[in-house]
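Sequence lines set the chain letters: A, B, ... in the order given, protein chains first and strands last, and positions in each chain run from 1.
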Amino acid sequence: MSTSAPSATPGSSPAGGPKPMDAIMSLCKRRGFIFQASDIYGGINGFWDYGPLGAQLKKNLREAWWQDMIMNPCWGRKGPNGRRVECVPVETRIIQHPKVWEASGHVGGFNDPMVDCKETKGRYRYDHVMVFVPESGDAGDKPVFAYVGDQPSESKQKKKAEKTFGAVKSVALSSIPQPWTRVIAPEAEKPGTLTEPRMFNLMFDTIPGAIKDEANRAYLRPETAQGVFLQFKNVVDSSRVKIPFGIGNTGTSFRNEVTPRNYTFRSREFEQAELEFFCHPDESFKWYEFWRDFRMDWWKSIGLAGENLILREHAKDELSHYSVGTSDVEYRFPFTFPEFGELEGIAHRGNYDLTQHQKHSGAKLEYFDQERGELLPNGSKRGERYLPHCIEPAAGLDRGALAILCEAYTKDESRPSPEIMKFHPRIAPIKAAVFPLVNKDGMPEIAEKLYDAVRARFAKVGFVEFDEKQSIGKRYARMDEGGCPFCFTVDGQTATDQTVTVRDRDTGAQSRMAMDQVVKFLEDKLGV
RNA sequence: GCGGAAGUAACUCAACGGUAGAGUGUCAGCCUUCCAAGCUGAAUGUUGCGGGUUCAAAUCCCGUCUUCCGCUCCA
């Protein structure tokens, strides 16, 4: 039988609005994609675990990135220099020397309590803010004037304070009882615009070593990129790479997000897949465009095609201080709809990071390029010494997995199994399933044999399932929710002509094929 | 961080202050020759957690945690 109901468009609900996020989350829990971390203890804010299907889904995503970025970069596409793109991997640690994060700029004004001004949007270090009050210390109902030492606000506020009180003295903001309804912020006009002090400790910290000594404080990395810069010289010295080339790094990072929100989208622990591509400054912008375009194509290739994916070039005033160009690959999540949320940032970082680490570590990180410089009489080039520029495509694997889950979720009420996860076969955690149509007449035995063969061949890329329980309809439905793209069923005809049916998840349509063609069929469909 | 809403079985949800239930799923058996079909049965709950009020709390009160929504934040 062949039922091919019209399938809903992946990526949007039939009405064209956002898909129901609660239904997606419910399915993710029910089928073992995503669980809340420490669920039985009531959960922990900002942390999520993956269940059996989710773990394999994410592994497939990570593997796809590894293959297409490191082992066979850009599917063999030629770079702007007309040559093959070359990349190598590293695997660097979550914990590095604390000075790394000083050099990178991550340790700075963000580990101290800060107060914000609601009127001017100014932000001040709490312990730096002083206040002019009357000499007596009692301002009565009058406002008092906050300032920051050695800033224009100091003299300005002092004048105002003296006009109000006459003789004044200055005290720390922290000595004034909250709420600060009578405090006028440094650049503000109205009183009471300062928030209470807040800690912006973005980075998690820890103390390595058996003895707890503050002097040893180290941080859990907020990005994997820095590990690459730290090992740049070692990689160059040990692996015969030549500029231009990339170094990829994947792994867990931590950010103490102020407000974890939107399911796994803004988690405090998350996994990144980052490539740092080093090139000569003169060629850097071309490489930036190259990577920007490839990364967009890549996300499309694993199933995020459609209107839900966009490439957004950052405006000038949005750029980091070191970047001359940044683009985001963004996906229209149900919870951002109709806006988009970032999946990956492709940043031109110039030579900022290598410069910083060279300065802070004292190590020489320049690259000696023997293919550049004037031609010498002996036929070789003089060479050129420089700090390479860096293009950084930095993807969030958990965000990628979430986008894939959202994109795949399809509700089709016309199907007996209305909820279908339409994963791209390459990413699908379950690759195939084998069923006996009924649990008798020799069918289970034949099906087991087929299952063994398929599993032996494809277990390295995902689950291969065998299911003989309950009705065939329930088994198909289960596979639809798990996102298994192909189900092979042994039926009464199999014993006589060695054929089985293959059912397509997205259409429900079936066709018959020789049993010994099943492995070949899957090889083609799964691309392995 | 602020404001609002919610939290009961794996999922979706019921239950007047008075014995915690249903549907779905899961599991087992029977049946079954292609789509959550049928029959029979089973397991799963300190009602998020901790206090309080009460003879009695899923229910009322307080605290706390988590999730969702809106602000804020997102180096």
Side-chain angles (χ1 to χ4, degrees), chain A residues 1-5 20-32 35-48 51 101 104-118 121 123 179 195-203 222-223 255-268 318 320-323 334-335 341-342 345 412-420 435-443 468-481 487-495 500-505 507-512:
Chain A
M1 177 179 145
S2 162
T3 55
S4 53
M21 199 59 210
D22 51 351
I24 294 173
M25 291 166 68
S26 169
L27 185 144
C28 280
K29 175 155 192 199
R30 184 156 39 89
R31 286 297 169 190
F35 305 133
Q36 199 180 359
S38 305
D39 196 10
I40 63 171
Y41 284 93
I44 176 165
N45 196 357
F47 297 87
W48 300 87
W101 309 110
S104 69
H106 288 85
V107 177
F110 286 85
N111 279 308
D112 301 298
M114 313 287 282
V115 293
D116 290 332
C117 174
K118 292 180 216 164
K121 306 296 176 199
R123 173 171 290 167
T195 62
E196 62 184 51
R198 296 186 257 199
M199 286 294 286
F200 283 80
N201 56 333
L202 165 92
M203 286 191 290
E223 61 174 32
R255 294 184 195 183
N256 223 337
E257 298 290 353
V258 178
T259 313
R261 197 60 80 82
N262 286 332
Y263 206 24
T264 62
F265 184 77
R266 182 169 290 152
S267 298
R268 287 178 167 150
E318 228 181 325
S320 310
H321 55 288
Y322 52 75
S323 183
F335 47 80
E342 181 185 346
D412 185 348
E413 297 288 2
S414 70
R415 294 257 299 248
S417 51
E419 286 184 308
I420 308 152
F435 308 144
L437 180 58
V438 290
N439 205 15
K440 60 179 187 184
D441 298 341
M443 292 181 211
E468 58 192 344
K469 300 288 186 188
Q470 300 164 312
S471 72
I472 190 75
K474 283 197 181 189
R475 286 178 265 164
Y476 285 148
R478 266 197 285 269
M479 287 302 133
D480 284 344
E481 285 196 348
C487 296
F488 300 92
T489 301
V490 169
D491 59 16
Q493 196 180 322
T494 306
V500 295
T501 61
V502 55
R503 170 189 180 270
D504 181 86
R505 174 198 62 202
T507 62
Q510 282 176 276
S511 58
R512 198 158 260 285

A/Lys474 NZ to B/rG25 C1', straight-line distance once rounded to whole Å | 8 Å
From A/Met203 CE over to A/Arg255 CZ, what is the distance, rounded to the nearest 0.5 angstrom?
-> 10.5 Å
Could you check how far CZ of A/Arg255 sits from P of B/rC74, rounded to whole Å?
-> 13 Å
Kindly compute the distance separating OH (A/Tyr476) from OG (A/Ser417), expressed to the nearest 0.5 Å.
-> 11.0 Å
Assess whether one donor atom and one acceptor atom, taken from the side chain of A/Gln470 and the base of B/rA36, lie less than 3.5 Å apart.
-> no
Okay, side chain of A/Trp48, backbone of A/Tyr263: is any donor-acceptor separation there less than 3.5 Å?
-> yes
Quick one: does A/Arg261's side chain have a donor or acceptor within less than 3.5 Å of a partner on A/Arg266's backbone?
-> no
What's the closest nucleotide to the A/Arg478 side chain, out of B/rU26, B/rC34, B/rU32?
-> B/rU26
Please report, rounded to the nearest Å, how far the P atom of B/rC73 is from the CD atom of A/Glu342.
-> 18 Å
What is the distance from CG of A/Asp39 to P of B/rU8, rounded to the nearest Å?
-> 11 Å
Give A/Arg261 one of three labels, base, sugar-phosphate or nothing, depending on what nucleic acid heavy atoms sit under 4.0 Å from its own.
-> base
Closest nucleotide among B/rU33, B/rC69, B/rA75 to the A/Val438 side chain = B/rU33
Rounding to a whole Å, what distance do you find between A/Ile40:CD1 and B/rA9:C1'?
-> 16 Å
Check side-chain hydrogen bond (donor to acceptor under 3.5 Å, both in side chains) between A/Asn262 and all other residues, then give those that pass, not counting sequence neighbours.
-> none
Between A/Arg30 and A/Glu419, is any pair of side-chain heavy atoms under 4.5 Å apart?
-> yes
For the atom pair CG (A/Asp491) and CG (A/Asp441), what is the distance rounded to the nearest 0.5 Å?
-> 11.0 Å
When the P atoms of B/rG48 and B/rC16 are considered, how many whole Å apart are they?
-> 15 Å
How far, in whole Å, is B/rA57 from B/rG18 if one measures between their P atoms?
-> 11 Å
Return yes if some donor-acceptor pair links the side-chain N/O of A/Arg475 with the main-chain N/O of A/Pro436 below 3.5 Å, else return no.
-> yes
Separation between the P atoms of B/rA15 and B/rC60, rounded to whole Å = 12 Å
Taken to the nearest whole Å, CD1/A/Ile472 to C1'/B/rA37 is 13 Å
Describe the nucleic acid contact of A/Gly492 in one word from base, sugar-phosphate, nothing, applying a heavy-atom distance below 4.0 Å.
-> base
Rounding to the closest angstrom, what is the interatomic distance between B/rG70 and B/rA14 at atom C1'?
-> 30 Å
Nearest-Å distance, CD (A/Glu413) to C1' (B/rA36)?
-> 13 Å
How far, in whole Å, is B/rA58 from B/rU19 if one measures between their C1' atoms?
-> 14 Å
Reckon A/Asn262 has a side-chain N or O less than 4.0 Å from the OP1 or OP2 of B/rC69?
-> yes
For A/Arg31, answer base if it contacts any base atom (sugar-phosphate contacts may also be present), sugar-phosphate if it contacts only those atoms, and nothing otherwise; contact means non-hydrogen atoms under 4.0 Å.
-> base
A/Phe47 CZ to B/rU66 P, straight-line distance once rounded to whole Å | 10 Å
Side-chain N or O of A/Asn45 less than 4.0 angstrom from OP1 or OP2 on B/rU67?
-> yes
Kindly say if A/Lys469 contacts the phosphate of B/rC27, meaning a side-chain N or O under 4.0 Å from OP1 or OP2.
-> no
When you measure from the side chain of A/Asn439, which nucleotide among B/rA36, B/rU32, B/rU33 comes out closest?
-> B/rU32
Consider the side chain of A/Gln36, meaning its heavy atoms from C-beta on, and name the nucleotide among B/rA75, B/rU33, B/rU67 that approaches it most closely.
-> B/rU67
Kindly express the pairing pattern of RNA chain B in dot-bracket notation, using | wherever a base pairs with another strand and counting only Watson-Crick or G-U pairs under 3.5 Å.
-> (((((((..((((....[..)))).(((((.......))))).....(((((..]....))))))))))))....
Between B/rC49 and B/rU54, how far is it from one P atom to the other, in whole Å?
-> 23 Å
Which is true for A/Asp441 with a 4.0 Å heavy-atom rule: it touches a base, it touches only sugar-phosphate, or it touches nothing?
-> base
Indicate, with a heavy-atom threshold strictly under 4.0 Å, whether A/Gln493 touches base, sugar-phosphate, or nothing.
-> nothing
Is there side-chain contact between A/Phe435 and A/Cys487, with at least one heavy-atom pair below 4.5 Å?
-> yes
Atom P, compared across B/rC34 and B/rU47: separation rounded to whole Å | 46 Å
Is any side-chain heavy atom of A/Gln36 less than 4.5 Å from a side-chain heavy atom of A/Lys29?
-> no
What about A/Arg503, does its side chain sit under 3.5 Å from the base of B/rC35 through a donor-acceptor pair?
-> yes
Tell me which of A/Tyr41 and A/Arg512 sits closer to the 5' end of RNA chain B, going by the nucleotide each one is nearest to.
-> A/Arg512
Do the side chains of A/Met443 and A/Thr489 get nearer than 4.5 Å, heavy atoms only?
-> no
Below 3.5 Å, does any donor atom in the side chain of A/Tyr476 face an acceptor in the base of B/rC34, or the other way round?
-> yes
Considering only the C1' atoms, how many Å lie between B/rC74 and B/rG17, rounded to the nearest integer?
-> 46 Å
Base, sugar-phosphate alone, or nothing: which one does A/Met443 contact when heavy atoms must sit under 4.0 Å apart?
-> base
Report which part of the nucleic acid A/Phe435 touches: base, sugar-phosphate, or nothing (heavy-atom distance under 4.0 Å, all strands).
-> nothing
If you look at every strand shown and take non-hydrogen atoms under 4.0 Å, does A/Gly51 touch a base, only sugar-phosphate, or nothing?
-> nothing
Tabulated below should be each protein N or O lying under 3.5 Å from an N or O of nucleotides 11-13 of chain B; please produce it.
from, atom 1, to, atom 2, distance (Å)
B/rC11, OP1, A/Lys29, NZ, 2.7
B/rC11, O3', A/Ser26, OG, 3.0
B/rC11, O2', A/Ser26, OG, 2.9

Given the side-chain rings of A/Phe335 and A/Phe265, with only the six-membered ring counted for Trp, is the space between their centroids under 6.0 Å?
-> yes
Distance-only donor-acceptor test, A/Arg266 side-chain atoms vs B/rC74 base atoms, 3.5 Å = yes
When you measure from the side chain of A/Met25, which nucleotide among B/rU67, B/rA36, B/rC69 comes out closest?
-> B/rU67
Measure the shortest side-chain to side-chain distance between A/Asp480 and A/Arg503 over non-hydrogen atoms and say whether it is less than 4.5 angstrom.
-> yes
